[in-house]
Amino acid sequence: MSEYKPSEIEPRWQKFWEDKKIFKTDDQDREKPKYYVLDMFPYPSSNGLHVGHPEGYTATDILARYKRMKGFNVLHPMGWDAFGLPAEQYAVKTGTHPRTTTEKNVDRFREQLKSLGFSYDWDREVNTTDPDYFKWTQWIFLKLYERGLAYQADVPVNWCPELGTVLANEEVIDGKSEVGGFPVIRKPMRQWMLKITEYADRLLEDLDDLDWPDSVKELQRNWIGRSEGAEIDFHLKDISEDKIRVFTTRPDTLFGATYMVLAPEHPLVKKLTTEEQQAKVDAYLQEAEKKSDLERSALSKKKSGVFTGGYAINPVNGEEIPVWIADYVLMSYGTGAIMAVPGHDERDWEFARQFGLPIVEVIKGGNIDEAAFTDTENGVVVNSSNDEISINDMPVDEAKKKITKWLSDKGLGEASVNYKLRDWLFSRQRYWGEPFPIIFVDGKPKPLSPDQLPVTLPEVEKYEPSGTGESPLATIDSWVNTTDPETGKPAKRETNTMPQWAGSCWYYLRYIDPEYKQGPVDPEKEKYWMPVDLYVGGAEHAVLHLLYARFWHKVLYDAGVVSTKEPFHRLVNQGMILGEMEYHAFKDAKGNWVNPEDFENRDELQAVKLEESEVEKKGEGFVKKSTDIPVEARSYKMSKSRGNVVNPDVVVEKYGADSLRLYEMFMGPLEQVKPWSMRGVEGVYRFLNRVWRMMINEETGEFNPEVKDTEATPAQLKVLHETIKKVTEDIEGLRFNTAISALMIFNNEAMKWETKPVSVLKTFVLLLSPYAPHMAEELWEKLGEKDTLAYEPWPKYNESLMVDQTKHYAIQINGKVRGEIEVPMDKHKDKDFVLTKAKEEPGVAKYLAQGNLIKEIFVPGRIVNLVVK
RNA sequence: GCCGCUGUGGUGGAAUGGUAGACACGUCAGACUUAAAAUCUGAUGGGCCUUAUAGCCCGUACCGGUUCGAGUCCGGUCAGCGGUACCA
């Protein structure tokens with residue numbers, strides 16, 4: 001008996017690959033072309049792998065295996081993004097050191113990944129929590145500091161007074177703490193910031209040359225949010241020494257500025273506020289401080305604000321305009337102050353309407369009594385002139401230029417560019433992160449010298465927050481108090497730690513030589529391996545991780561540490577895998593079946609889950625079988641609470657890793673969102689079984705008698721070479737689903753063959769090997785090969801073996817197929833011959849007789865279309 | 001609101017502007033079996049018509065356009081999913 005038994009085959013080959021270090025990357029040979037194929041490394045959570053992980057990992061593994069066979073030197077590593085909140089939260093709860101939790105989880109992840117047969121070079125494994133790793137994270141921070149890109153500032157954090165701790169954004173839900181539901185306020189604290197804004201333009205420009213999805217590039221562009229405009233100074237009515245500087249993208253509407261608004265935190269608020277308004281202003285400021293970010297932003301549709309009592313002077317017409325405070329103006333964007341042009345800005349219009357401020361039309365084309373007119377393409381400037389300048393009758397773009405030039409000539413303003421992108425808040429008040437390589441001597445920050453690295457985390461008794469908002473590290477006096485190694489003076493350590501992003505910003509460099517002692521990466525090797533040729537991961541990292549990593553990479557480039565401007569040449573986002581399709585019908589409170597679309601509030605309804613067998617298609621949608629009760633059919637994001645999470649271990653146990661790999665790829669295009677289906681797994685499992693039986697007799701374990709060492713027939717070669725072509729092209733294009741389909745078609749054909757030439761089977765096994773490597777190795781061995789197939793040359797196809805004897809043509813009349821003909825190959829480009837034969841076809845002739853032939857379309861090798869009227 | 005993605009059989013999906021539904025799943029029928037599972041064979045978008053062969057009509061979310069020919073290109077509409085939120 002020797003049926004296909006993945007549970008026996010797979011561990012055996014995994015051991016073979018590991019023992020013989022089959023996938024250890026050759027780092028000597030510089031003659032071979034290189035291919036660096038990278039997965040986004042996982043956070044090793046306590047849940048273990050879910051089926052979403054192996055999707056991207058299988059795709060990259062297929063490519064890695066394929067490229068090795070194509071003669072590339074392949075770098076295909078894996079590691080752990082292991083600092084982070086969950087381990088720390090677990091530590092607070094149970095007292096278990098996050099290191100212990102992390103190690104346990106990493107072991108589990110590693111074991112799971114190995115069970116899937118991925119061809120990683122495990123000698124290059126990195127772990128962001130390893131002191132030998134974060135030594136270099138700290139080293140890079142020093143580089144940033146040296147270059148003036150790291151600074152300290154007081155920045156509001158999510159402070160929860162009840163819990164006595166600072167919360168991460170994801171721990172705050174609707175302005176309340178996730179744990180306990182206590183109010184969270186914004187409290188300024190001393191923080192480290194990174195000047196990513198200094199790189200905004202380069203981060204924007206260099207996107208153009210990247211082979212990334214347009215959607216990701218667009219997200220990053222929006223995130224950076226570059227906008228061009230002008231900064232303009234407004235003098236104040238009674239205060240001569242100060243002025244309000246605003247940023248605007250619409251300097252052309254300056255004549256329409258009828259009031260100004262300052263952010264509540266703006267430094268001039270105090271000076272401008274008059275005695276009569278003092279009380280109101282104070283009340284408003286207090287109110288604003290209490291509000292969370294969420295409350296301040298869009299949710300509260302109604303705008304709030306208060307008049308300061310002060311006035312500014314519009315520089316173009318000398319009008320005195322009131323200065324207000326409102327929290328719809330943000331201190332963190334532009335200058336924290338705006339000139340309000342209610343006629344041509346929706347927010348200003350709303351605000352002006354609410355508080356009865358004047359609205360003036362300076363752009364013609366709309367009706368400002370009804371809404372702000374913001375069309376910059378068709379608008380024409382009106383009511384905009386003074387003794388020195390007029391921009392009347394100009395289109396918007398032209399007017400912008402003219403007025404900006406005038407302002408800058410008069411010293412009243414200048415052209416300016418602003419970004420939505422903010423500097424990166426780079427510190428967290430947490431234990432489980434990289435300590436900063438910074439000490440404070442006489443209260444001033446001082447970087448440690450590189451030979452003092454790594455700064456490691458102290459052992460602590462408890463992981464509870466300090467209660468003051470500082471990190472738990474602040475409570476460890478023996479660690480905090482140190483001496484300056486240079487001067488011997490007493491010093492204090494920085495007690496904040498770095499955010500989780502830090503370690504993932506540069507890990508792709510460390511894989512290149514994880515043992516390297518003189519720097520984060522060996523320069524010679526870096527030149528060979530960088531950039532990453534293909535980077536695959538989830539779309540959820542489209543902005544932050546990828547932007548931060550690009551930023552660090554550019555800094556390292558400027559510092560001469562790396563040789564490329566960008567780290568990741570090609571990026572692909574794998575689509576999310578959803579749970580199995582679910583069917584729900586709905587009942588109202590009384591227990592009657594209802595149509596959910598009749599109800600506005602679905603919460604009143606009870607969703608009843610139905611089995612597939614209880615459901616049928618009717619009209620546009622589904623109904624409960626033999627009723628008219630509508631059924632909702634959809635699949636949901638996998639989540640613990642929904643109970644639809646699929647664990648890859650279960651799949652491997654039942655069907656094997658090869659089936660899991662194959663199914664994950666066969667589901668559909670890599671980038672697409674798609675629902676899981678256990679039946680689909682069974683389908684590919686059956687395919688693998690057929691492949692096995694195509695060659696092996698299950699009774700004896702020997703080859704079937706049809707398997708012979710004979711010459712292949714032309715028909716067999718044709719199928720084989722078509723398969724080689726399709727599989728090769730589809731791997732290159734990451735179209736794994738259709739490549740697998742081609743393998744299935746081959747196998748369906750080969751099963752029918754009376755003799756199965758060994759040479760053809762060997763080639764097929766090689767084509768199968770990136771997808772189902774365990775089975776392929778097993779069959780390869782059975783076919784008499786001694787060595788692994790991992791480095792066998794990838795099969796080449798020969799077009800001349802793929803040609804048919806005849807060419808098939810579909811014959812259309814007015815675009816509809818009415819007949820089909822076979823044409824000898826040597827005549828298939830002969831228009832007259834093909835057309836004559838086409839017209840003789842009975843089904844075609846019938847239509848020709850019914851009208852006049854007015855046009856003949858002949859596309860050689862493709863189609864004939866006859867236009868008849 | 002804005003930005004992005006996606007709409008094709010009962011399901012996942014396939015289709016350089018050229019025969020829509022490859023390949024799978026499911027379902028149905030048959031073979032094997034005492035029986036079931038597994039396996040193998042066949043059918044399977046909807047409809048009309050015929051004893052049958054054959055033939056015809058409709059069909060890629062919806063409306064319109066370009067073209068000899070549109071799932072594919074263009075304009076508009078709708079729906080679902082994801083992201084984002086007063087950025088002056």
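- When the side-chain nitrogen and oxygen atoms of A/Arg818 are compared with OP1 and OP2 of B/rU19, none of them lie within a distance under 4.0 Å.
- Residue-to-nucleotide proximity on RNA chain B shows that, of A/Val859 and A/Ser677, the 5′-proximal contact is made by A/Val859.
- A salt bridge between A/Glu218 and A/Arg221 is present, with a side-chain N of the basic residue lying under 4.0 Å from a carboxylate O of the acidic one.
- Rounded to whole Å, the separation between the C1' atoms of B/rU11 and B/rG65 comes to 34 Å.
- Residue A/Ser227 places at least one side-chain N or O closer than 4.0 Å to OP1 or OP2 of B/rA88.
- Look at A/Gln672 and you'll find a side-chain N or O under 4.0 angstrom from OP1 or OP2 of B/rG13.
- Remark: A/Asn748 is not in phosphate contact with B/rA22, judged by side-chain N or O atoms under 4.0 Å from OP1 or OP2.
- Listed pair A/Lys816 / B/rC58 meets the phosphate criterion, a side-chain N or O lying under 4.0 Å from OP1 or OP2.
- Distances shorter than 4.0 Å separate none of the side-chain N or O atoms of A/Tyr4 from OP1 or OP2 on B/rA38.
- Taking the C1' atoms as reference points, B/rC63 lies 16 Å from B/rG7, given to the whole Å.
- Taking 4.0 Å as the cut-off between side-chain N and carboxylate O, A/Glu664 and A/Arg661 do not count as a salt-bridged pair.
- Ionic pairing of A/Lys718 and A/Glu722 is present here: one or more N-O contacts between side-chain nitrogen and carboxylate oxygen are shorter than 4.0 angstrom.
- The gap from the P atom of B/rG17 to that of B/rG82 amounts to 31 Å, rounded to the nearest Å.
- Look at the P atom in both B/rA79 and B/rA37: the space between them is 46 Å, to the nearest Å.
- The A/Thr738 side chain lies nearest to B/rA15 when the options are B/rU39, B/rA88, B/rA15.
- Comparing B/rC68, B/rA22, B/rU19 by their closest approach to the side chain of A/Glu820 singles out B/rU19.
- For A/His808, counting side-chain heavy atoms from C-beta on, the closest listed nucleotide (B/rA88, B/rG12, B/rU19) is B/rU19.
- Listed nucleotides: B/rC23, B/rC3, B/rG13. Nearest to the side chain of A/Ile745: B/rC23.
- Among the protein residues, A/Phe622 comes within range of the sugar-phosphate backbone only, with heavy atoms under 4.0 Å from sugar or phosphate atoms but none that close to a base.
- Side chains of A/Ser659 and A/Tyr4: a donor-acceptor N/O pair is absent below 3.5 angstrom, by distance only.
- Between A/Lys5 and A/Glu3 there is no salt bridge, since no side-chain nitrogen of the basic residue lies less than 4.0 Å from a carboxylate oxygen of the acidic one.
- The separation of B/rC78 from B/rG42, taken at their C1' atoms, amounts to 42 Å, rounded to a whole angstrom.
- Here A/Asn737 reaches the OP1 or OP2 of B/rA14: one of its side-chain N or O atoms lies under 4.0 Å away.
- For A/Arg686 and B/rA38, the shortest distance from a side-chain N or O to OP1 or OP2 is not below 4.0 Å.
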